[in-house]
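Everything below concerns the one structure shown next.
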Amino acid sequence: MRPAQVKRMGSVGLKSSSHTKGGARKAAIQDSRHLGVRYPILCVDVSPFNDLCLAGSSAGNLKAFVLKTRQVFQTLTGSKSQDSKTLLSNGGHVGDVTTCNFFPSGKVALTGAGDTLVKLWTVENGECLKTFSGHKGRVTRTCFLDKTGRTFASASSDGSVLVWDCAGSSGVCRYVDRKQGDLLAAPLNDCCMAADGRIICGGDSGRVSLVDTRSPSNAATTFPIIKSDIRSNAMSISALSASRENCLYVGTNTGMIVRLDIRKALTPFASIRRSEARINRIVRAGTDTDPEMIIVACIDGLMFSLDGKLSVGMDFVGADCEAVFDVAVWSAGRLASGGMCAIGGRNALGLISGGSDGVLRTHIV
């Protein structure tokens, strides 16, 4: 069993929150624990089996934790105290770990970092299976393009989206985003997959692009922009999340969240702004009662839920707190035993968030 290899952590501290804003319901933080690395947590993810969570930090650390106890299960990369040669010989990232994902199998992890590399890891023993190189800038996001995880895409600050096949070690397709009338590539901040299989990406160009990798015209190395309706010299796209209902949620560096219809040429039909702080992350957290619910994390520390009409549901962390960089969703009710299950019941929805204070927080909805 996977939790059998648990390694003890140091002391932990419990916290709670009662911040509210704009009439939102308040949600208590049930558990709040330091990772022992004392560096900002830039990315988190939860395994499909809801037993482990990944956390990557600005120190180049990547660790897997037992979700129920938050004890270290495996360390997948080195620490900042190690030199570059040691990290490279161990297959670890040298730069900040900026994005992490569990494969659908739950046995393999996918990571991207500031060292321009994308890596595959075995979660069980922390071994680096493969390294993908092709970007010339910081890797900002990775997303899977099929249910098996065989193909995936990565976005980068060099303005490119690369599509990879796990069987190879080089990108099979490339798309480069550019500002209108500019030959220089515009940094990309996020990417995700639409329900129809296209790749959605956005960044400092202020545009949202839909890239169809299956089109015959994509035999070329540069994909055309299918549609770009969000344009502003002052606005950049900082977060993206696509729903199963062909809706796209877009977050900007100015705190704006827009809901778009992918089927209608990215027509915007709802928007909200709770502050002027950058939207760091938008994740889908649909439930039976609200299939379009999303969770929004901001750089000013605000983290809250929105329904499909962009009405505020809950505040998990109030503004003017430590920045929240990433959040992942899990089924808290699947933990058949333990205190957290008793709080929310077997249909409870759980959130794991990480931020600039180096703390891994658990929230129960």
Side-chain angles (χ1 to χ4, degrees), residues 35 37-46 53-65 75-80 84 87-88 91-103 108-121 123 128 130-144 152-164 171 177 185-193 199-204 236-241 251 253 278-283 297-299 322-328 352-360:
L35 299 183
V37 295
R38 295 186 176 87
Y39 296 112
I41 301 171
L42 302 180
C43 57
V44 294
D45 194 30
V46 176
C53 64
L54 285 174
S57 83
S58 64
N61 284 278
L62 178 68
K63 294 185 179 182
F65 293 84
T75 298
L76 285 76
T77 187
S79 66
K80 206 168 189 177
S84 298
L87 286 170
L88 289 172
H93 285 293
V94 177
D96 302 346
V97 181
T98 53
T99 177
C100 60
N101 303 93
F102 276 101
F103 267 68
V108 180
L110 174 69
T111 62
D115 57 8
T116 75
L117 301 176
V118 177
K119 291 177 177 288
L120 297 183
W121 306 84
V123 179
C128 181
K130 185 174 291 189
T131 297
F132 301 88
S133 61
H135 287 296
K136 297 180 180 179
R138 177 188 183 96
V139 178
T140 54
R141 188 72 64 199
T142 53
C143 67
F144 295 113
F152 62 90
S154 59
S156 170
S157 62
D158 65 6
S160 69
V161 169
L162 289 175
V163 178
W164 310 86
D177 190 30
L188 289 172
N189 299 318
D190 207 347
C191 68
C192 61
M193 189 182 74
I199 301 172
I200 307 171
C201 58
D204 289 358
S236 67
I237 306 303
S238 56
L240 297 167
S241 181
N253 63 327
R278 172 190 172 97
I279 307 298
N280 280 337
R281 195 76 162 103
I282 301 175
V283 297
C298 306
I299 200 168
E322 298 286 348
V324 182
F325 292 126
D326 201 2
V327 58
I352 292 285
S353 65
S356 59
D357 57 359
V359 174
L360 190 67

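Below, each value reflects all heavy atoms present in this structure, side chains not excepted, and no hydrogens, waters or symmetry copies. Remember, predicted model here, so these are calculated numbers, not experimental data.
- Rounding to the nearest 0.5 angstrom, the gap separating the SG atom in Cys298 from the CD1 atom in Ile279 is 3.5 Å.
- Put simply, the side chain of Ser58 never gets that close to the backbone of Tyr39: no donor and acceptor are under 3.5 Å apart.
- Looking at residues two or more places apart in sequence or on another chain, you find no side chain to side chain donor-acceptor pair (under 3.5 Å) involving Asp45.
- By the side chain to side chain donor-acceptor pair (under 3.5 Å) test, Thr98 is found to be paired with no residue, residues two or more places apart in sequence or in another chain being considered.
- Checking side-chain atoms of Asn253 against main-chain N and O of Ser236 turns up a donor-acceptor pair under 3.5 Å.
- Side chains of Lys119 and Thr131: a donor on one and an acceptor on the other come within 3.5 Å.
- Interatomic distance, Cys53 SG to Lys63 NZ, rounded to the nearest 0.5 Å: 12.0 Å.
- By the 30° and 60° cut-offs, the orientation of the rings of Trp164 relative to Phe152 is parallel.
- Residues that satisfy the side-chain contact (heavy atoms from CB on, under 4.5 Å) test with Asn280, not counting sequence neighbours, are Arg278, Ile299, Phe325.
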| task | List the steps and the verdict of side chain to side chain contact (heavy atoms under 4.5 Å, CB included) for Ile237 and Asn189. | result | CA-CA 7 Å; Ile237 306 303; Asn189 299 318; 5.6 Å; no
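- Taking CG of Leu360 as the reference point, atom CG of Leu54 lies at 10.5 Å (rounded to 0.5 Å).
- Panel note: side chain Asp326, backbone Val44; a donor-acceptor pair is recorded below 3.5 Å.
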| Audit row: Leu62, Trp121, side chain to side chain contact (heavy atoms under 4.5 Å, CB included) steps and yes/no | CA-CA 10 Å; Leu62 178 68; Trp121 306 84; 4.1 Å; yes
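- Not one N or O on the side chain of Asp96 forms a donor-acceptor pair closer than 3.5 Å with the backbone of Gly114.
- A donor-acceptor pair is defined here as one N or O able to donate and one able to accept, closer than 3.5 Å; no such pair exists between the side chain of Thr99 and the backbone of Gly112.
- Not a single side chain to side chain donor-acceptor pair (under 3.5 Å) links Ser157 to another residue, sequence neighbours left out.
- No side-chain donor-acceptor contact under 3.5 Å links Asp115 to the backbone of His93.
- Looking only at distances, no side-chain donor or acceptor of Ser356 sits under 3.5 Å from a matching main-chain atom of Glu322.
- Checked against Phe132 for a side chain to side chain contact (heavy atoms under 4.5 Å, CB included), the options Leu120, Leu117, Val139 give a single hit: Leu120.
- Annotation: side-chain contact (heavy atoms from CB on, under 4.5 Å) contacts of Cys143 (sequence neighbours excluded): Leu145, Ala153, Cys191.
- Among residues two or more places apart in sequence or in another chain, the side-chain contact (heavy atoms from CB on, under 4.5 Å) test is passed with Ser353 by Met303, Val324, Val327, Arg361, His363.
- With a 4.5 Å cut-off on side-chain heavy atoms, Phe102 and Val123 count as touching.
- Considering only heavy atoms from C-beta on, Leu110 comes within 4.5 Å of Phe144 through its side chain.
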| said: Using the rule given for side chain to side chain contact (heavy atoms under 4.5 Å, CB included), can you reason through Lys136 versus Ser156, listing the C-alpha separation, both sets of side-chain angles and the distance that settles it, and then say yes or no? | reply: CA-CA 8 Å; Lys136 297 180 180 179; Ser156 170; over 6 Å; no
